[in-house]
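Reading through the structure tokens given below for one structure.
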Amino acid sequence: RKEVEQDPGPFNVPEGATVAFNCTYSNSASQSFFWYRQDCRKEPKLLMSVYSSGNEDGRFTAQLNRASQYISLLIRDSKLSDSATYLCVVIYTMEYGNKLVFGAGTILRVKS
Amino acid sequence: GAGVSQSPRYKVAKRGQDVALRCDPISGHVSLFWYQQALGQGPEFLTYFQNEAQLDKSGLPSDRFFAERPEGSVSTLKIQRTQQEDSAVYLCASSSSYTEAFFGQGTRLTVV
């Protein structure tokens with residue numbers, strides 16, 4: 001089993017739709033959680049951090065459920081420009097420092 | 001520049017050739033990561049440096065892969081006797097703590 005698992009999609013949604021992605025992680029000692037966005041042939045870029053209390057940034061809401069070991073990303077009022085691959089990232093605290101582990105990504109396609 | 005810089009951006013190598021990929025992290029970032037990203041997949045961890053110390057190389061796929069960061073800044077990922085399965089985008093990221101990791105644009109390696 002992979003350390004971080006995501007539904008690969010693709011999620012095909014119309015503009016204005018609400019869409020949610022989940023990500024599960026296997027190591028309960030995970031320290032920090034993030035969602036990154038990756039556009040085609042570009043490098044991943046931080047979208048938002050994920051906190052236990054949940055956090056919102058405009059149309060994006062991230063949630064963390066430590067008990068069930070999953071994180072989620074909700075996108076409201078989808079725009080064409082939201083089309084990308086969304087990567088779930090978990091940071092593990094190792095003896096020597098931190099290690100970032102990525103999920104395989106969820107593809108979102110927003111269509112007009 | 002202020003970001004992570006990788007070179008070359010594109011590399012075509014003949015099977016059996018050795019290649020060297022360079023990463024220039026953000027100044028002052030102690031953590032440096034190398035990832036391999038195959039088409040349609042999320043980034044897969046290769047190795048991690050904290051300053052000049054290579055603390056985790058568990059993701060290197062074979063002994064043909066070697067990474068170094070001798071002075072704690074610039075890092076080089078070397079692949080010896082390249083094989084077709086080495087074709088991928090190689091991403092470098094640097095980070096200062098448990099927060100955001102910044103990625104370079106990657107080196108797209110094609111082995112022919």
Side-chain angles (χ1 to χ4, degrees), chain A residues 2-10 21 23-27 29-52 55 57 62 64 73 84-109, chain B residues 1 3-7 9-10 21 23-26 29-60 69 72 88-110:
Chain A
K2 288 203 156 206
E3 290 180 272
V4 180
E5 297 203 64
Q6 295 183 246
D7 181 344
F21 312 136
C23 165
T24 59
Y25 59 95
S26 60
N27 190 330
S30 304
Q31 182 82 8
S32 308
F33 308 87
F34 302 92
W35 284 102
Y36 275 69
R37 171 188 169 135
Q38 186 172 28
D39 293 292
C40 188
R41 295 182 174 267
K42 298 286 189 181
E43 73 275 23
K45 292 186 178 178
L46 180 68
L47 178 65
M48 59 196 304
S49 304
V50 188
Y51 304 117
S52 296
N55 49 303
D57 182 3
L64 165 64
L73 177 68
T85 297
Y86 291 83
L87 300 162
C88 170
V89 180
V90 175
I91 293 185
Y92 293 105
T93 303
M94 312 294 285
E95 289 179 357
Y96 48 76
N98 54 328
K99 176 180 176 180
L100 278 70
V101 179
F102 284 78
T106 297
I107 297 170
L108 172 65
R109 297 183 186 137
Chain B
V4 178
S5 177
Q6 290 187 248
S7 61
R9 289 290 312 281
Y10 303 92
L21 312 180
C23 172
D24 208 328
I26 293 172
H29 278 190
V30 299
S31 296
L32 186 146
F33 305 84
W34 281 100
Y35 290 85
Q36 180 190 60
Q37 187 170 26
L39 191 64
Q41 299 295 314
E44 294 281 347
F45 172 81
L46 292 178
T47 188
Y48 163 69
F49 288 87
Q50 189 173 88
N51 296 307
E52 70 279 3
Q54 187 176 21
L55 299 181
D56 188 342
K57 53 182 180 179
S58 61
L60 296 176
R69 192 185 186 197
V89 175
Y90 290 86
L91 294 164
C92 174
S94 72
S95 174
S96 60
S97 65
Y98 293 109
T99 57
E100 179 178 4
F102 295 85
F103 282 83
Q105 291 184 297
T107 294
R108 184 174 298 276
L109 173 65
T110 303

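Chain A is the first sequence line, chain B the second, and so forth, proteins listed ahead of strands; every chain is numbered from 1. Just so you know, these numbers use all the heavy atoms, side chains as well, and skip hydrogens, waters and symmetry mates.
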Contact check, side chains of [X] and [Y], non-hydrogen atoms, under 4.5 Å:
{"X": "B/R108", "Y": "A/R41", "value": "yes"}
{"X": "B/Y35", "Y": "A/L100", "value": "yes"}
{"X": "A/Y36", "Y": "B/E100", "value": "yes"}

#### Entry: Side chain, backbone, both or neither of A/Q38 within contact of chain B (heavy atoms, under 4.5 Å)
side chain

### Task
Verify whether the ring centers belonging to A/F102 and B/F103 lie closer than 6.0 Å.
yes

### Minimum-distance pair of heavy atoms, taken over all atoms of B/G42 and A/L87
CA-CD2, 4.1 Å

At a 4.5 Å cut-off on heavy atoms, which part of [X] comes close to chain A: side chain, backbone, both, or neither?
{"X": "B/Q50", "answer": "side chain"}
{"X": "B/T47", "answer": "neither"}
{"X": "B/L55", "answer": "both"}

### Message
To the closest 0.5 Å, what do you measure between OG (B/S95) and CD1 (A/I91)?
### Response
6.5 Å

### Query
Just wondering, are more than 12 heavy atoms of other shown residues or ligands nearer than 6.0 Å to CZ in B/R9?
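Enclosed.
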
### Task
Tell me, out of B/G59, B/A93, B/P43, who's got the most heavy-atom pairs with chain A below 4.5 Å.
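The answer is B/P43.
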
### Query
How would you list, by chain and number, every residue that makes a ring-ring contact (aromatic ring centres under 6.0 Å, His included) with B/F49, sequence neighbours excluded?
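Applying ring-ring contact (aromatic ring centres under 6.0 Å, His included) to B/F49 gives none.
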
### Query
Which residues satisfy the side chain to side chain donor-acceptor pair (under 3.5 Å) test with B/Q36, sequence neighbours excluded?
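For B/Q36 the side chain to side chain donor-acceptor pair (under 3.5 Å) partners, ignoring immediate neighbours, are B/Y90.
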
### Summary
Taken in chain and number order and not counting sequence neighbours, the residues that satisfy salt bridge (Lys or Arg N to Asp or Glu O under 4.0 Å) with B/R69 are none

### Query
Counting a contact as any heavy-atom pair under 4.5 Å apart, which residues of residues 44-52 of chain A contact chain B?
A/P44, A/L46

